[in-house]
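Worth knowing before you read on, the calculation uses all heavy atoms, side chains too, and leaves out hydrogens, waters and symmetry mates.
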Amino acid sequence: MSVLSSDQLAFLHRFGFDELLFEHWQRSVREGRLSRARNVVQGEVLAPGSGSVKELPAKSSAAHAACVKLGMAAIARGEFGVVILNGGMATRFGGVVKGVVEALPRRSFLALRAEDIQRAQKQCGGRMQLFLMNSFATEAATKAHFAEHDNFGLAADQVHHFNQFVSARLRPDGTVLVDAKGQISPYSTGHGDFAPALRASGCLARFIAQGGRVLFVANVDNLGACVSPLLLGMHLDAQKEMSVEVAPKWPGDVGGSPYLHDGRVQLIEQIRYPDDFDTDMVDVFNTNTFHFDAKALDRDFDLGWYYVEKKVANGTAVQIERLVGELTRQLDAQFIKVKRTGKDNRFLPVKTPDDLLAAREEIAELYPQVAD
């Protein structure tokens with residue numbers, strides 16, 4: 001049914017393409033079982049109860065000191081790893097892979113991530129692992145960037161690359177979208193690929209076997225999401241499978257938030273909101289920054305697949321994607337309200353070149369040069 005050539009299939013299979021799932025999507029789009037209307041969350045959605053979102057402990061408090069100590073000890077024991085969501089389509093920076101762009105003079109987004117790890121290792125001792133979830137569009141440039149810069153001071157066995165999955169765009173009638181030359185339009189199937197892709201790559205099993213306990217996950221372009229012994233300690237102290245960082249909501253913000261649904265507090269993303277949904281019932285939103293118990297990720301997850309339309313040169317493209325935040329539906333999660341201003345800012349997303357120009361001064365404050 002898919003009508004993909006052998007060459008097209010060979011490319012797609014390299015990145016974990018599931019042909020049977022793809023054909024199921026085609027039928028579902030054609031028959032209306034995958035559509036924007038079917039994205040909408042079903043059932044009652046309520047604001048989470050009082051205390052569902054934790055506040056950061058005051059810096060002068062015993063709780064703050066205890067959590068920092070707990071987090072530093074875990075880092076010193078080598079139990080902590082960092083996952084950077086570095087996939088996607090490499091489109092918002094003019095077709096250049098964002099991670100290799102200079103966020104500061106002679107320091108790329110990915111260089112800053114490596115510096116952050118080195119800074120935390122100097123503070124805490126120990127040795128961290130860095131995992132980069134690339135896509136078909138970012139893999140080659142990312143690997144070349146790390147090779148050119150000798151892993152930015154990290155040892156070769158500290159840096160690991162794995163790929164998220166891929167599919168081919170469809171038309172709204174369920175047929176494969178192709179250009180005038182018959183070429184397909186591949187895309188990455190969403191940051192919800194994180195857990196299954198990490199597991200399929202073998203990186204998760206090796207991390208656990210080597211004593212890894214907690215994985216910190218953040219978008220490559222959220223430069224506020226640095227390694228934090230405090231947030232790690234809060235995660236460990238709560239003994240949860242997942243900790244979610246949420247930020248105060250400002251006017252004009254878009255994105256998902258934690259809600260009470262089906263008897264549990266979970267993230268529901270904007271793509272699932274009904275047209276008349278009252279987003280003001282919750283005053284925080286998801287930053288896509290998480291701590292995970294590594295062993296809790298070592299299983300299959302039944303995440304939803306959602307219908308997304310994109311405008312492209314040759315018409316309307318349909319992508320089917322999944323969301324990492326939906327792990328809150330299946331894992332025991334806590335939600336922590338973090339700051340988004342000042343030197344403790346943990347939410348500084350850089351989506352476009354204009355965002356980067358506006359944020360450079362703040363980025364420089366968050367990422368001082370690492371002393372030799």
Note: Asp221-Lys351 ion pair, threshold 4.0 Å (strictly below): yes

Lys/Arg N to Asp/Glu carboxylate O, Asp298 vs Arg199, below 4.0 Å: yes

Residues Lys339, Asp344: salt bridge by 4.0 Å N-O rule: no

Arg340/Asp253 ion pair, N-O < 4.0 Å: yes

Whether over 12 other heavy atoms sit under 6.0 Å from Lys69 NZ: no

Candidate pair Ile336 and Val244, rule side chain to side chain contact (heavy atoms under 4.5 Å, CB included), full reasoning: CA-CA 6 Å; Ile336 302 173; Val244 183; over 6 Å; no

Ion pair check, Glu245 and Arg346, cut-off under 4.0 Å: yes

Salt bridge flag under 4.0 Å for residues Asp157 and Arg127: yes

Rounded distance [0.5 Å steps], CD1 in Ile84 versus CG in Leu112: 10.5 Å

Centroid-centroid distance, Phe207 to Phe131, less than 6.0 Å: yes

Heavy-atom side-chain proximity of Leu331 to Arg299 below 4.5 angstrom: yes

Ser243 and Gln334 side chains, donor-acceptor separation under 3.5 Å: yes

Ionic contact status for Asp293 with Arg213, cut-off 4.0 Å: no

Sub-4.5 Å side-chain heavy-atom contact between Asn134 and Gln164: no

Heavy-atom neighbours of Arg36 CZ exceed 12 at 6.0 Å: no

Check: Phe152 ring centre within less than 6.0 Å of Phe146 ring centre: yes

Flag side-chain contact, heavy atom, 4.5 Å: Glu321 against Ile271: no

Close aromatic pair by centroid cut-off 6.0 Å: Phe277 and Tyr259: yes

Aromatic ring proximity, centroids under 6.0 angstrom, Phe292 and Phe194: yes

Minimum-distance pair of heavy atoms, taken over all atoms of Arg38 and Gly32: CG-O, 3.6 Å

Aromatic centroids of Phe216 and Phe290 separated by under 6.0 Å: no

Carboxylate-amine/guanidinium contact Arg272 Glu269, below 4.0 Å: no

Check ion pair Glu115-Arg107 (N to O, under 4.0 angstrom): yes

Any donor-acceptor N or O pair under 3.5 Å, side chains Glu362, Asn345: yes

Salt bridge Glu139-Lys143, side-chain N to carboxylate O under 4.0 Å: yes

Side-chain H-bond candidate by donor/acceptor type, Asp354 with Thr352, under 3.5 Å: no

Pairing of Asp116 and Arg119 as salt bridge, 4.0 angstrom limit: yes

Inter-residue atom distance Leu232.CG - Met72.CE, 0.5 Å rounding: 11.0 Å

